[in-house]
Amino acid sequence: QVQLVESGGGLVQPGGSLRLSCAASGFTFKNHAMKWYRQAPGKERELVAEISSDGGSTNYTPSVKGRFTISRDNAKNTVSLQMNSLKPEDTAVYLCHTMWFVRDYWGKGTLVTVSS
């Protein structure tokens, strides 16, 4: 039973920082690439960052490049998203994602609100 549980969302002022975490279970975490998506009200779901199974390769959407960092700890079955220099346009529900047996699996999401 694949399960992904996000945590760490909240309210932060512009320019602030937040760290999101995703706890994974039900599959061989170390063999899977992991992704963070976000979805703001009225907007399409957007791929924010992704990381290879061994953590050696990462990719980011241009709007967060240089501000966000994705990382993973395969010993703890977690993937994180460190978000710095946050902007109001980063406000969204952030979701953890993986593939298992050619199926998409999603967490329930954690809300990040960037506002003064």
Side-chain angles (χ1 to χ4, degrees):
Q1 184 88 330
V2 173
Q3 291 188 344
L4 302 171
V5 181
E6 304 96 337
S7 62
L11 175 64
V12 64
Q13 294 185 353
S17 297
L18 213 56
R19 185 176 179 87
L20 308 182
S21 294
C22 172
S25 62
F27 63 102
T28 308
F29 180 80
K30 66 181 180 181
N31 293 339
H32 290 253
M34 299 296 295
K35 299 180 179 180
W36 283 99
Y37 284 78
R38 67 185 180 187
Q39 188 163 24
K43 294 187 176 181
E44 300 292 330
R45 185 168 293 183
E46 175 189 28
L47 175 63
V48 177
E50 55 189 344
I51 187 167
S52 59
S53 59
D54 66 354
S57 180
T58 59
N59 191 41
Y60 302 88
T61 191
S63 65
V64 310
K65 183 71 175 178
R67 300 188 297 119
F68 291 12
T69 302
I70 188 171
S71 61
R72 67 191 297 156
D73 186 339
N74 284 349
K76 297 180 179 179
N77 285 9
T78 59
V79 59
S80 299
L81 186 68
Q82 178 66 47
M83 306 184 295
N84 299 327
S85 302
L86 283 161
K87 304 174 180 180
E89 50 263 46
D90 295 319
T91 296
V93 172
Y94 284 72
L95 304 106
C96 185
H97 169 273
T98 194
M99 293 286 295
W100 187 75
F101 276 88
V102 202
R103 294 186 177 94
D104 290 296
Y105 289 88
W106 302 88
K108 296 186 184 298
T110 186
L111 177 63
V112 172
T113 303
V114 185
S115 177
S116 60

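Source: prediction; values computed, not measured.
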Begin from the C-alpha positions of Lys35 and Thr98 and carry the test side-chain contact (heavy atoms from CB on, under 4.5 Å) through to its verdict. CA-CA 6 Å; Lys35 299 180 179 180; Thr98 194; over 6 Å; no
same_hphob_cluster(Leu95, Tyr105) at 4.5 Å side-chain heavy-atom cutoff: no
dist Met34:CE -> Ile51:CD1 (nearest 0.5 Å) comes out at 10.0 Å
Taking all non-hydrogen atoms of both residues, which atom of Leu81 and which atom of Ala49 are closest, and how far apart? CD1-CB, 4.1 Å
Any chance you could lay out the side-chain contact (heavy atoms from CB on, under 4.5 Å) test for Asp90 and Arg67, step after step, and finish with the verdict? CA-CA 11 Å; Asp90 295 319; Arg67 300 188 297 119; 2.8 Å; yes
For Ala92 versus Arg38, what's the shortest heavy-atom pair and its separation? CB-CB, 3.8 Å
Spacing of CG belonging to Asp73 relative to OG1 belonging to Thr78, to within rounding of 0.5 Å: 4.5 Å
Taking it one step at a time, do Gln82 and Ser71 satisfy side-chain contact (heavy atoms from CB on, under 4.5 Å)? CA-CA 8 Å; Gln82 178 66 47; Ser71 61; over 6 Å; no
Could you give all pairs that pass the ring pair (Phe, Tyr, Trp, His ring centres under 6.0 Å) test and reach residues 35-87, with sequence neighbours left out? Tyr37-His97, Tyr37-Trp106
Spatial distance of atom NZ (Lys65) from atom OG1 (Thr58) [nearest 0.5 Å]: 5.5 Å
Whether Glu6 side chain and Thr110 backbone form a donor-acceptor pair below 3.5 Å: no
Using a 3.5 Å distance criterion without hydrogens, assess whether the side chain of Arg72 forms a donor-acceptor pair with backbone atoms of Ser52. yes
CA sep, side-chain torsions, deciding dist, call: Trp100, His32, side-chain contact (heavy atoms from CB on, under 4.5 Å): CA-CA 8 Å; Trp100 187 75; His32 290 253; 3.7 Å; yes
So which heavy atom on Met99 is nearest to which on Asp104, and how close? SD-OD1, 2.8 Å
Flag side-chain contact, heavy atom, 4.5 Å: Leu20 against Met83: yes
According to side chain to side chain donor-acceptor pair (under 3.5 Å), who are the partners of Ser85, at least two apart in sequence or on a separate chain? none
Testing the basics here: between Leu4 and Ala24, what is the closest heavy-atom pair and its distance to 0.1 Å? CD2-CB, 3.7 Å
Common cluster, Val114/Val93, ILVMFWY with side-chain heavy-atom separation under 4.5 Å: no
Looking only at non-hydrogen atoms, find the nearest pair between Asp54 and Gly56 and report the distance. OD1-N, 2.9 Å
Can you name the nearest heavy-atom pair linking Val79 to Phe29, along with the distance? N-CZ, 4.2 Å
Please determine whether side chain to side chain donor-acceptor pair (under 3.5 Å) holds for the pair Ser17 and Asn84, giving the CA-CA distance in whole Å, both sets of side-chain angles, and the decisive distance to 0.1 Å. CA-CA 4 Å; Ser17 297; Asn84 299 327; 2.9 Å; yes
Using modelled atom types only, decide if a donor and an acceptor are shared between the side chain of Asn74 and the backbone of Ser53 within a distance under 3.5 Å. yes
Side chains of Ser63 and Glu46: does their closest heavy-atom pair fall under 4.5 Å? yes
So, taking the atom named SG in Cys22 and the one named OH in Tyr94, what distance separates them when rounded to the nearest 0.5 Å? 15.0 Å
If you measure from OG on Ser25 to CD on Gln1, what distance do you get to the nearest 0.5 Å? 8.5 Å
Calculate, to the nearest 0.5 Å, the distance between atoms CG and OG1 belonging to Leu111 and Thr91 respectively. 8.0 Å
